[in-house]
*Asks:* 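What follows is a single structure, and I will ask about it in a moment.
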Amino acid sequence: MGSHRRTAPSSGSERSTALALGLLSAAATALGAVPATAAPQEDTRAEVDRLYREAEKATEAYNAADERADALRRDIAGAQDAIARKQQRVNTMREALGSLAGSQYRSGGLDPTLSLLLSEDPEDYLRKASVLDRLGVHQTAELRKLRGTLRSLSQDRAEASERLGALERSRKAAATHKRTVERKLAEARRLLGSLPAGERAAWDGASRSGRTDLLGPAGAPASGRAAAAVAAARSALGRPYVWGANGPSGFDCSGLTQWAYAQAGVALPRTSQAQRDAGRQVPLSEARPGDLVLYRSDASHVAMYMGNGQVIHAPYPGAPVRYDPVGMMPVSSVTRV
C-alpha cells in the first residue's frame, strides 16, 4: 500500500511486543499531525502521498501487533492446557494422600500433622512445611511433591494472567489504531477525489513510474516453491487492496506475498519488515522471479519480482493487485525465500 513517489525514507519498526506497540503510537501521532485541509493541486498530491505513505507504515505496525496477539492467544491456550494437567496431578496427589490418611485412621488414628497438611488451602501447606520431618519417609516425599506442584501451578497461573493482560493491551491498541488509519485513508481518498481527472491520472502515473533497466536477464525462479509463489501472485492480479488483509479476496502488500508463498507451502511472517529477514539477501541486479523486493529504508512496502524489470504488488486502497516497474520507489533490499 501507499504512494510510490520517491520520498525520504523513514525509520524502521521493531517486532517485539513493547516496540511494536510503541510504533503504533508513534505512527498514530505522525498521522494525526497531517493537516485535514486540501491545498492547491500540487500540494494536494503531496498530501495524498504522505497520507498513504504513513498509513502503510501504520498498517505494517498494526499487522505486527495483530501477529503478536495471535501468538499470545496460542501461548495462553497452551498455558491453560498445562494448568489443567497440573491441577489434575494435584487432585490425584491429594486423593492418594487422603487414602493414606484413611488407612492411618483405620489403623489407629490420623497423625495430626498429616491432617493439618491435607488442608484445602495451598498456603497452609507452605506455611506448615516445617512439620514434614515429623512424618514418615513416604509421606514426606509425597507431600514435598505436592508442594512443588502447587508452587508450579501458582506460577503458571500468574504467567497466564500476565499474558492475558498483554493480549488485552495489544488488542485495544490495535483497535484504536485501526480506527485512526481508516480515518486517514478516507481523507486520502477524499483529497484524491478532489483533484481533476487529469491530475488524478498524473498522480497515479507518477506512482507507477520507475526504472526498469536495473536488472540483468530475468532468469527462472530460484526454486520450485518460488515458481509456485509466482503463479499464485499472478492469480491475484486485479483483486482489491484491503489494508490488514492477507487474502484470498483482498490483500495489503505483505499480505499478498505471505499468501502467495503460503500457496507454495512456505510460511512467511506477516509484516514486510519480518519478510525481509525470511531468506537470503541478494543484489537487485541478480533478482529472479519469486524474490521479495523491499522498499524504503524501513522496508514498509514489499512486492514480488516477476522478471523483466516488473513486480506484482498490492499498491494502496483503490488500486488493485497489479504489475509495476521494480524501480517505482527506492529499493532497500531483495530477499530470496
Side-chain angles (χ1 to χ4, degrees), residues 1-4 13 15 27 48 51-70 174 177-178 181-182 184-186 188-189 192 204 207-208 221 225-279 289-296 298-307 310-326 328-329 331-332 334-335 337:
M1 182 192 77
S3 164
H4 307 311
S13 64
R15 292 182 292 278
V48 171
L51 281 164
Y52 276 141
R53 190 168 60 251
E54 293 295 334
E56 181 154 57
K57 295 173 189 173
T59 297
E60 292 305 293
Y62 169 85
N63 289 339
D66 194 49
E67 186 175 47
R68 176 60 178 162
D70 286 342
H177 197 66
K178 180 177 181 179
V181 175
E182 287 172 339
K184 295 306 176 180
L185 290 176
R189 289 192 291 270
L192 195 57
D204 188 60
S207 76
R208 305 186 70 170
R225 63 187 188 181
V230 165
R234 285 183 176 139
S235 75
L237 286 167
R239 295 183 197 176
Y241 180 99
V242 179
W243 88 268
N246 60 349
S249 58
F251 305 92
D252 60 22
C253 69
S254 58
L256 173 63
T257 49
Q258 184 189 49
W259 176 85
Y261 264 99
Q263 309 318 298
V266 178
L268 286 185
R270 180 62 182 92
T271 68
S272 56
Q273 290 90 353
Q275 290 178 13
R276 172 183 54 193
D277 301 322
D291 290 347
L292 303 180
V293 182
L294 286 305
Y295 293 94
R296 309 189 189 104
D298 60 357
S300 57
H301 190 80
V302 62
M304 184 179 293
Y305 186 62
M306 293 286 122
Q310 298 290 306
V311 295
I312 285 179
H313 68 139
Y316 51 83
V321 175
R322 70 189 187 189
Y323 282 99
D324 272 324
V326 69
M328 60 188 172
M329 59 177 133
V331 175
S332 60
V334 178
T335 296
V337 178

*Asks:* Residues in salt bridge (charged side-chain N to carboxylate O under 4.0 Å, His left out) with Arg239, at least two apart?
*Replies:* none

*Asks:* Hey, could you give me the CG/CG distance between Asp277 and Leu268, rounded to the nearest 0.5 Å?
*Replies:* 12.0 Å

*Asks:* For the pair Ile312 and Arg322, evaluate side-chain contact (heavy atoms from CB on, under 4.5 Å) and give the outcome as yes or no after the intermediate values.
*Replies:* CA-CA 5 Å; Ile312 285 179; Arg322 70 189 187 189; over 6 Å; no

*Asks:* If you define the side chain from C-beta out and look only at heavy atoms, does anything of Thr271 sit under 4.5 Å from Gln258?
*Replies:* no

*Asks:* I need the minimum non-hydrogen distance between His313 and Ala303, along with the two atoms involved.
*Replies:* CB-CB, 3.5 Å

*Asks:* Apply side-chain contact (heavy atoms from CB on, under 4.5 Å) to Val266 and Val337, showing your working.
*Replies:* CA-CA 9 Å; Val266 178; Val337 178; 3.8 Å; yes

*Asks:* Does a side-chain N-to-carboxylate-O contact under 4.0 Å join Asp252 and Arg270?
*Replies:* yes

*Asks:* Please state whether the rings of Tyr295 and His301 are parallel, tilted or perpendicular, taking 30° and 60° as the class boundaries.
*Replies:* tilted

*Asks:* What residues, two or more places apart in sequence or in another chain, satisfy ring pair (Phe, Tyr, Trp, His ring centres under 6.0 Å) together with Phe251?
*Replies:* Trp259

*Asks:* Test of understanding: with side chain to side chain donor-acceptor pair (under 3.5 Å), list the residues that count as partners of Arg234, not counting sequence neighbours.
*Replies:* Tyr323

*Asks:* Once you round to the nearest 0.5 Å, how far does CG of Asn246 lie from CG of Leu256?
*Replies:* 10.0 Å

*Asks:* Would you name the heavy atoms of Met306 and Pro289 that are closest together and state the gap between them?
*Replies:* O-CG, 3.8 Å

*Asks:* From the options Trp243, Tyr52, Tyr241, select the one residue that forms a ring-ring contact (aromatic ring centres under 6.0 Å, His included) with Tyr316.
*Replies:* Tyr52

*Asks:* Start with the C-alpha distance between Val293 and Val326, add both sets of side-chain angles, then the distance that settles side-chain contact (heavy atoms from CB on, under 4.5 Å), and finish with yes or no.
*Replies:* CA-CA 8 Å; Val293 182; Val326 69; 4.2 Å; yes

*Asks:* Taking all heavy atoms of Ala264 and all of Ala228, pick out the closest pair and write down the distance.
*Replies:* CB-CB, 3.6 Å

*Asks:* Got a second to check how far Asp298's CG is from Ser332's OG, nearest 0.5 Å?
*Replies:* 8.0 Å

*Asks:* Which heavy atom of Gly250 sits nearest a heavy atom of Val242, and at what distance?
*Replies:* CA-CG2, 4.0 Å

*Asks:* Among Glu60, Arg276, Gln273, which residue meets the side-chain contact (heavy atoms from CB on, under 4.5 Å) test with Ser254?
*Replies:* Glu60

*Asks:* Working to the nearest 0.5 Å, report the span between OG1 of Thr59 and CD of Glu54.
*Replies:* 11.0 Å

*Asks:* Looking only at atom types and distance, does a side-chain atom of Thr335 sit under 3.5 Å from a main-chain N or O of Gly279, one as donor and one as acceptor?
*Replies:* no

*Asks:* Which pair of non-hydrogen atoms, one from Cys253 and one from Glu56, has the smallest distance, and what is that distance?
*Replies:* SG-OE2, 3.6 Å

*Asks:* Atom CD of Gln310 and atom CE of Met304: how far apart are they, to the nearest 0.5 Å?
*Replies:* 15.0 Å

*Asks:* Quick check: closest heavy atoms across Val321 and Ala314, and the distance to 0.1 Å?
*Replies:* CG2-CB, 4.2 Å

